[in-house]
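These notes are about the structure you will find just below.
Just so it is clear, the values below take in all heavy atoms, side chains as well, and ignore hydrogens, waters and symmetry mates. Numbering of ligands and ligand atoms starts at 1, following listing order.
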Amino acid sequence: MKTNINAVLKQLGIEEINPAYSTGSNWGKTNSEKAIESQSPVDGKKIASVQVAAEKDYNFVVETAQKAFLEWRKVPAPKRGEMVRQFGEALRINKEALGTLVSYEMGKSLQEGFGEVQEMIDICDFAVGLSRQLYGLTMHSERPNHRMYEQWHPLGIVGIISAFNFPVAVWAWNTALAWVCGNVCIWKPSEKTPLTAIACQHIIEKVLIANEVPEGVCNLIIGDRIVGELMSNDGRVPLVSATGSTRMGKAVGAAVGARLGKSLLELGGNNAIIISKDADLDMSIIGAVFGAVGTAGQRCTTTRRLIIHESVYDNFVAKLVKAYGQLRIGDPLDQHNHVGPLIDKDAVASYLDSIEKCKAEGGKFIVEGGVLSGADYTSGCYVKPCIAEVKNDYKIVQHETFAPILYLIKYTALDEAIALQNGVPQGLSSAIMTLNLREAEQFLSAQGSDCGIANVNIGTSGAEIGGAFGGEKETGGGRESGSDAWKAYMRRQTNTINYANTLPLAQGIKFDL
Ligand code: UN1
């Protein structure tokens, strides 16, 4: 069935020209001349345009958010949780429409578009529970008749910078948590996917109005890199949570660090799966292929490298090549297709450039890449997922190319495989396929994977929201989503209370007057 995009846009409140910012239900027009045209990589058509906020607009949003925080922090956390619950309900109602727009504006398969909205719903559910569990510890004081405990308070404004590849879920991870923690949020979405962001704001707007939430608690600002820079340098924004490239993260981290603010960085990955001699090869194929070609290789968790034991190498590679032969590339809204387009022509150029660089360094392509042309591929953004045999130390292999290029590396001993897996600048996700308990445990031990995520018999992508999400080294060290990632959105306060009628000093210090 053909998707009626116009009906979807209408349902989600997308106009032909959309305003540059919103402080909740107040959508601001700007005097700025600039606009972003959102063009679908699916068919190359212009979807709609969005005004770009100017510095003055940014300041207005920050000032509104500052005022809102003074009210919002007084609302009991479980009440804030109740609003997040309502947001989750609104997402359930809009799942199909929002998932479809994600697929059309960003290019991921419809299944993955729905999955992304499901990820938003899941984090809302998680945050509702969390709103009653923002626990602090109590300690035993060394002094008599003293009590010590710690509590967690909100930070204030949380700036959220998100990437095109997960245009809505990463915002929800941050917002749902930041909200129940008592913060207000300002979201700067990717310039490549402004419409999904506008749609999210329309969905949450109804919840804000129904609960009489003050303007400024949930803000959206459409801007280019300048807005990101303003936010990173702005002392009024205590936490900047940024998801995107390592290059962007280094700039944000440096600017926020220079003012001793907090940043939460979730950046590039260069994720590998080790296919052991004891792997279930058929099962491993699913993990490897979905990991490599899902979202057309544009997840930060995408499988970029397979490190394969020499004894199963030929057999596994034959299965892999066969599986690649069965991939259907095309309109991601057509559920028969596995792989949609890359986000834009720049991404296609970078894919082609990486293939050339790989060949120049000696890479041998066993499944060739290339750009697809013809009636089904008019946007010029559809590329063939490809596979190359490489050495881990090639420059291009050390680099994250956001495209479906899969590198194969052969190994002999597990120690060597783990060293190869760790031998890249990034440290996001990793996996081993093995039915051998010793191998699995070695991989998960302190001598094993150095990544933030390490899986056994699961691929590198598709993490659930319940765990903390993020990684080490050039991935930036931040953790979003589940577990105790909420602590990054709060400030810790240690309280010591003396209920004695003397004032003894700690460490036994005598100070008598
Ligand atoms: C990202 O690519 O920035 O683990 C996020 C996954 C998804 C999230 C990816 N749950 O692949």
- prompt: Nearest to atom 7 (C) of ligand 1 by heavy atom, Glu480, Arg299, Glu112: which?
  reply: Arg299
- request: Take every heavy atom of Glu464, measure it against each atom of ligand 1, and state whether any distance is under 4.0 Å.
  value: no
query: What part of Thr295 sits under 4.0 Å from ligand 1 if we count only heavy atoms: the side chain, the backbone, both or neither?
result: neither
Carboxylate-amine/guanidinium proximity below 4.0 Å for [X] and [Y]:
{"X": "Glu474", "Y": "Lys250", "result": "yes"}
{"X": "Arg328", "Y": "Asp376", "result": "no"}
{"X": "Glu82", "Y": "Arg132", "result": "no"}

Examine [X] against ligand 1 and note whether any of their N/O atoms are separated by less than 3.5 Å.
{"X": "Gln298", "result": "no"}
{"X": "Glu119", "result": "yes"}
{"X": "Cys300", "result": "yes"}
{"X": "Asn165", "result": "yes"}

message: What I want to check is whether the side chains of Glu205 and Gln201 have a donor and an acceptor closer together than 3.5 Å.
response: no
message: Whether the Gln335 and Gln111 side chains hold a donor-acceptor pair (N or O, under 3.5 Å, no angle test) is what I'd like checked.
response: yes
Ligand 1 atoms in contact with [X] (distance to a heavy atom under 4.0 Å):
{"X": "Ser461", "value": "11 (O)"}
{"X": "Glu266", "value": "3 (O)"}
{"X": "Phe469", "value": "4 (O), 5 (C), 9 (C)"}
{"X": "Gly462", "value": "4 (O), 6 (C), 11 (O)"}
{"X": "Ala463", "value": "4 (O), 6 (C), 10 (N)"}

message: On the six-membered ring of Phe166, is Lys108 placed so that its NZ or CZ lies under 6.0 angstrom from the centre and within 45° of the ring axis?
response: yes
statement: Tightest non-hydrogen contact, residues Ala178 and Cys185, listed as CB-SG, 3.6 Å
query: How far apart are the closest heavy atoms of Tyr377 and Ile329, and which atoms are they?
result: OH-O, 3.1 Å
field: Distance from atom 9 (C) of ligand 1 to nearest protein heavy atom, with residue and atom
entry: Phe166 CE1, 3.5 Å
- prompt: If you measure from CZ on Phe164 to OG1 on Thr243, what distance do you get to the nearest 0.5 Å?
  reply: 12.5 Å
